[in-house]
2 protein chains.
Amino acid sequence: MDPLGFEHHDHRRCVAAALAAAEAHCERHRLNLTPVRRRVLELLLEGHRAMGAYDILDHLRAEGLGAQPPVAYRALDFLVRHGFAHKIERLNAFIACTHPETDHTPAFLICRGCHAVAEAHAEPTRGMLGRAAADLGFEIEEAMVEALGRCPNCREAEAAPCA
Amino acid sequence: MDPLGFEHHDHRRCVAAALAAAEAHCERHRLNLTPVRRRVLELLLEGHRAMGAYDILDHLRAEGLGAQPPVAYRALDFLVRHGFAHKIERLNAFIACTHPETDHTPAFLICRGCHAVAEAHAEPTRGMLGRAAADLGFEIEEAMVEALGRCPNCREAEAAPCA
DNA sequence: TCTAGAAATGTTACAGCATAACATATGGAG
DNA sequence: CTCCATATGTTATGCTGTAACATTTCTAGA
């Protein structure tokens, strides 16, 4: 049930709740959650994984919501700008934010095996990076942290291939 | 003179030293630093900034060292695999490593103003990310840290535009 | 020395990711 | 009602990256 991790959970419910929260947030902040934008967010939430812009576009096309790349990219841009989704640079892909509202620097744990992605918090500004930046006089405005590795499910599958 | 930072320094010397070190390292480890690979490393060192694969390729072409993308990508791949260069995902670009030999997780400070890039150390495995990964049972194999912001030079230029 | 294999390079062709530029529509403020 | 800002639609193109196969080069072993 933990949306941060690799466990199974009640997916319909988590999608619905996230969408409702996004709607409320847009209402409060006078943001225009148009049909395309809403649908793209829904697709990301349903997919519950990192999706390429062209994956998204395929769905939009099939639903008559837009046939050209810019349509998908603009919607994704809106979602990322307002914290409803993140871009994962390492994958050239996008994923719904698992804890919008809270201001955060996301850190992604990307499984090499099943390509699942978990979102954790990071505070790269503290610790070595912050100190290095301060020493150099560099002002960090935005940071991204992405880790590649093995999720517990894939590690288990590897350890016990005959189970 | 500090190769980690945004300061000016004796560039010819730093290029020559880095190249010599790379040659020695390849010698010791029976790695094949071919002319193309060596030249690509040299280009990265001379450029002293993040360079796209196609920037590199343009130089190689002009020098008759290879005309097609795979030539550049293969050389870059070799350099990255063996720690002589890093890929900066955020920029789809490559940069010479400023402290090869030492085993490290690089963290990049990318200036939005002048696009200079400094390389710092990071240990994302310690701290919040490591704890989150441990909690989830995720095994981190490789991590990437990239920060966007302002280097001291650009901050100064911004603060005193008439100076 | 000859030869088989590994490693590196060369080349074609294409796949995947992203945006510039311009046209059209839609919705609210004055 | 008109103007402006915002959003969408579309064309075209540019940048990033790789699969697949041919050729060359080097080296280890028969």
Side-chain angles (χ1 to χ4, degrees), chain A residues 22-23 26-27 29-41 43-44 47 49-82 84-95 110 115 144 146 148, chain B residues 22-23 26-27 29-41 43-44 47 49-82 84-95 115 144 146:
Chain A
E23 272 165 359
C26 287
E27 184 79 15
H29 293 77
R30 303 262 187 276
L31 296 175
N32 196 353
L33 189 63
T34 63
V36 185
R37 291 168 177 177
R38 192 194 134 95
R39 182 59 183 137
V40 171
L41 176 55
L43 286 167
L44 288 175
R49 60 197 169 81
M51 298 175 75
Y54 280 70
D55 293 341
I56 299 285
L57 184 55
D58 287 343
H59 287 275
L60 296 181
R61 239 179 221 139
E63 299 169 16
L65 276 172
Q68 263 52 50
V71 173
Y73 280 103
R74 283 168 186 153
L76 288 165
D77 199 57
F78 170 89
L79 296 173
V80 168
R81 263 197 337 265
H82 294 100
F84 300 120
H86 299 292
K87 178 167 188 187
I88 301 184
E89 297 290 339
R90 185 77 190 223
L91 302 177
N92 293 319
F94 301 83
I95 195 165
I110 306 167
H115 304 111
M144 93 194 45
E146 298 175 9
L148 252 57
Chain B
E23 272 166 359
C26 286
E27 184 80 14
H29 292 78
R30 303 260 187 277
L31 296 175
N32 196 351
L33 190 62
T34 64
V36 184
R37 291 169 177 176
R38 193 193 134 95
R39 182 58 182 138
V40 170
L41 176 55
L43 286 168
L44 287 176
R49 58 195 168 82
M51 299 176 75
Y54 281 72
D55 293 341
I56 299 285
L57 184 56
D58 288 342
H59 286 275
L60 295 182
R61 240 179 219 138
E63 298 168 17
L65 275 172
Q68 263 54 50
V71 173
Y73 279 102
R74 285 169 188 153
L76 288 166
D77 199 58
F78 171 88
L79 295 174
V80 168
R81 264 198 336 264
H82 294 101
F84 300 119
H86 298 292
K87 176 166 190 188
I88 300 183
E89 297 289 341
R90 183 73 189 225
L91 303 177
N92 293 320
F94 301 83
I95 194 165
H115 304 110
M144 222 190 69
E146 297 176 11

Checklist entry - On DNA chain C, nearest-nucleotide positions of Pro69(B) versus Asn32(B): which is more 5'? => result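 The residue closer to the strand's 5' end, by nearest nucleotide, is Asn32(B).
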In terms of side-chain heavy atoms of [X], which of [options] is nearest?
X: Thr34(B); options: dA7(D), dT9(C), dG9(D); result: dT9(C)
X: Tyr73(A); options: dA18(C), dT8(D), dT18(D); result: dA18(C)
X: Pro70(A); options: dA20(C), dT9(C), dA7(D); result: dA20(C)

Rounded off to whole Å, could you give me the [atom1]-to-[atom2] distance for the [X] and [N] pair?
X: Leu57(A); N: dT8(D); atom1: CG; atom2: P; answer: 14 Å
X: Leu91(A); N: dA18(C); atom1: CG; atom2: P; answer: 11 Å
X: Leu33(B); N: dA8(C); atom1: CG; atom2: P; answer: 11 Å
X: Arg90(B); N: dA18(C); atom1: CZ; atom2: P; answer: 11 Å
X: Leu79(A); N: dA7(D); atom1: CG; atom2: P; answer: 12 Å
X: Glu89(A); N: dG17(D); atom1: CD; atom2: P; answer: 11 Å
X: Asp77(B); N: dA7(C); atom1: CG; atom2: P; answer: 14 Å
X: Leu31(A); N: dG27(C); atom1: CG; atom2: C1'; answer: 16 Å

Strictly distance-based, threshold 3.5 Å: is any side-chain N or O of [X] a donor or acceptor partner for the main-chain N or O of [Y]?
X: Arg49(A); Y: His115(A); value: no
X: Glu146(A); Y: Glu89(A); value: yes
X: Arg39(B); Y: Leu60(B); value: no

Look at [X] and [N] and indicate whether a side-chain polar atom (N or O) is within less than 4.0 Å of OP1 or OP2.
X: Lys87(B); N: dT16(D); value: no
X: Asn92(B); N: dG17(D); value: yes
X: Arg74(A); N: dG9(D); value: no

Checklist entry - Touch check for Leu65(A), heavy atoms < 4.0 angstrom, all strands: base, sugar-phosphate only, or nothing? => result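 Sugar-phosphate: the residue Leu65(A), judged by heavy atoms under 4.0 Å, touches backbone atoms but no base.
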Checklist entry - Contact class for Leu76(B) vs. all strands (heavy atom < 4.0 Å): base, sugar-phosphate, or nothing? => result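 The answer is nothing, as Leu76(B) stays clear of every strand by at least 4.0 Å.
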Checklist entry - Can you find an N or O donor on one side and an acceptor on the other, under 3.5 Å apart, linking the side chain of Tyr54(A) with the base of dA18(C)? => result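 Looking at the base of dA18(C), it does pair with a donor or acceptor on the side chain of Tyr54(A) (distance under 3.5 Å).
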Checklist entry - So do Arg37(A) and Asn32(A) actually touch side chain to side chain, heavy atoms under 4.5 Å? => result yes
Checklist entry - Are Asp58(A) and Arg61(A) within salt-bridge range, i.e. N to O under 4.0 Å? => result yes
Checklist entry - Of Phe78(A) and Gln68(A), whose nearest nucleotide on DNA chain D comes first from the 5' end? => result Phe78(A)
